[in-house]
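First the structure, in the form of structure tokens, and then the observations on it.
Numbers here simply count residues along the sequence, with the first being 1. What you are looking at is a predicted structure, and each value in this text was computed from that prediction instead of being measured.
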Amino acid sequence: KCIANQTWQMFPFGAHTINASWVAVQELKKLGLGKDVDLHVYEVPVEYQAVQSLVPSLWKQYHPQLVVHVGVSGMATTVTLEKCGRNHGYKGLDNSRFCPHSQCCIEGGPDCIDSVIDMESVCKRVTASGLGVAVSVSKDAGRYLCDFTYYTSLYLSHGRSAFVHVPPIAKPYSGEDLGRALQAIIQEMLNMLDRAEEKIHCQHVH
């Protein structure tokens, strides 16, 4: 079985000349997600209009089982799993000094979209595995490009997306640590989706 899984990154922005999310995903790419998973990695500019064009095109191209977006948060001290994306409140200018006039992702879309992934369960399972990297769950991805990207992807995928915030490099984890954390987290998310699909299949059979 072949699963298309895409991980998306943000270019450096603001004070983050080295984007920890991109470093972490490069480490993830080295590690892989197992022989049954096709991992496609893309770096996404910190620009609203780029997100609006690139995210739909990649969904259309790959039709993946799951998309996992990864971004850096200067406030984070743990690897943080975001439960939902929000549609309104985008007032911050992007790297090209642009902000959507509507200040929202999808005009007419719901205020909030939850991921189909049970982030609390993923957090508990990864923490129990003894990974050595602290993992937490958040309900607010921050109303900037991370949140904007997440909501856009959740809207297009009917919830089959996830977002992971990582802290800056060495605060406190290395790029290798963050790569291992992403590997464990995404593998658990894919396992969760597989279990859910098997359950649905069994219900249809019976």
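- Applying the salt bridge (charged side-chain N to carboxylate O under 4.0 Å, His left out) definition to pairs two or more places apart or across chains, none involves residues 48-68.
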Determine, step by step, whether Val46 and Tyr144 satisfy the side-chain contact (heavy atoms from CB on, under 4.5 Å) criterion, reporting the C-alpha distance in whole Å, the side-chain angles of both residues, the deciding distance to 0.1 Å, and the verdict.
-> CA-CA 9 Å; Val46 185; Tyr144 191 49; 3.9 Å; yes
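- Nearest heavy atom pair, residue Gly109 against residue His88, reads O-CE1, 4.5 Å.
- Not counting sequence neighbours, Arg86 has no partner by the salt bridge (Lys or Arg N to Asp or Glu O under 4.0 Å) test.
- The minimum heavy-atom distance linking Pro45 with Val51 is given by the pair O-CG2, 4.2 Å.
- Scored by the salt bridge (Lys or Arg N to Asp or Glu O under 4.0 Å) test, Asp177 finds Arg180 as partners (sequence neighbours excluded).
- Counting heavy atoms from C-beta outward, Val68 and Phe163 have side chains that stay 4.5 Å or more apart.
- A salt bridge between Glu120 and Lys139 is absent, with no side-chain N of the basic residue lying under 4.0 Å from a carboxylate O of the acidic one.
- Between His69 and Cys146, the closest side-chain pair of non-hydrogen atoms is not below 4.5 Å.
- A side-chain donor-acceptor contact under 3.5 Å links Ser161 and Ser157.
- Looking only at side-chain heavy atoms (C-beta outward), Val70 and Leu178 stay at 4.5 Å or farther from each other.
- The two residues Ser174 and Ile169 make their nearest non-hydrogen contact at C-CD1, 4.4 Å.
- Applying the ring-ring contact (aromatic ring centres under 6.0 Å, His included) test to Phe148 and every residue at least two apart in sequence or in another chain returns Tyr48, Tyr90.
- For Asp114, the side chain to side chain contact (heavy atoms under 4.5 Å, CB included) partners at least two apart in sequence or on another chain are Cys84, Cys112.
- Within the model, atoms CD of Glu43 and CG of Leu54 stand 11.0 Å from one another, a figure rounded to the nearest 0.5 Å.
- Residues passing the salt bridge (Lys or Arg N to Asp or Glu O under 4.0 Å) test with Asp140, sequence neighbours excluded: Arg143.
- For the residue pair Gly85 and Tyr151, the shortest heavy atom distance occurs at O-CD1, 3.4 Å.
- Lys91 is linked by a salt bridge (Lys or Arg N to Asp or Glu O under 4.0 Å) to nothing, counting only residues two or more places apart in sequence or in another chain.
- Side-chain contact check for Leu131 versus Ile185: every heavy-atom pair is 4.5 Å or farther apart.
- Here the shortest heavy-atom pairing between Arg160 and Trp59 reads O-CH2, 3.6 Å.
- Looking only at side-chain heavy atoms (C-beta outward), Gln65 and Asp194 come within less than 4.5 Å of each other.
- Contact of the Met189 side chain with the Met192 side chain is not registered, since no non-hydrogen atoms from C-beta on lie closer than 4.5 Å.
- Applying the side chain to side chain contact (heavy atoms under 4.5 Å, CB included) criterion to Gln183, with sequence neighbours excluded, gives Leu28, Leu31, Leu33, Gln187.
- Side-chain contact between Val135 and Lys124 is absent, with no heavy-atom pair separated by less than 4.5 Å.
- Taking every heavy atom of both residues into account, Leu39 and Lys29 meet most closely at CD2-CA, 4.0 Å.
- Under the side chain to side chain contact (heavy atoms under 4.5 Å, CB included) criterion, Thr80 pairs with Ala76, Thr78, Glu82, Ser136, Ser138, His165, not counting sequence neighbours.
- Judged by distance alone, the side chain of Ser153 and the main-chain N or O of Thr149 form no donor-acceptor pair under 3.5 Å.
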- Query: When you look at Leu193 and Val116, which way does the side-chain contact (heavy atoms from CB on, under 4.5 Å) test go after all the steps?
  - Reply: CA-CA 9 Å; Leu193 287 176; Val116 299; 4.1 Å; yes
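- The side chain to side chain donor-acceptor pair (under 3.5 Å) check on Glu27 picks up Lys30, with sequence neighbours excluded.
- With sequence neighbours excluded, no residue forms a side chain to side chain contact (heavy atoms under 4.5 Å, CB included) with Thr77.
- Taking OG of Ser121 as the start and CD of Glu188 as the end, the distance is 6.0 Å to the nearest 0.5 Å.
- Taking the side chain as every heavy atom from C-beta outward, Thr152 and Gln52 never approach each other to under 4.5 Å.
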Check step by step if side-chain contact (heavy atoms from CB on, under 4.5 Å) holds for Tyr155 and Val55.
CA-CA 11 Å; Tyr155 183 86; Val55 172; over 6 Å; no
For residues 96-107, which side-chain N or O atoms pair as donor and acceptor with protein atoms under 3.5 Å away, sequence neighbours left out?
| unit_1 | atom_1 | unit_2 | atom_2 | d |
| --- | --- | --- | --- | --- |
| Ser96 | OG | Asp94 | OD1 | 2.8 |
| Ser102 | OG | Cys104 | N | 3.3 |

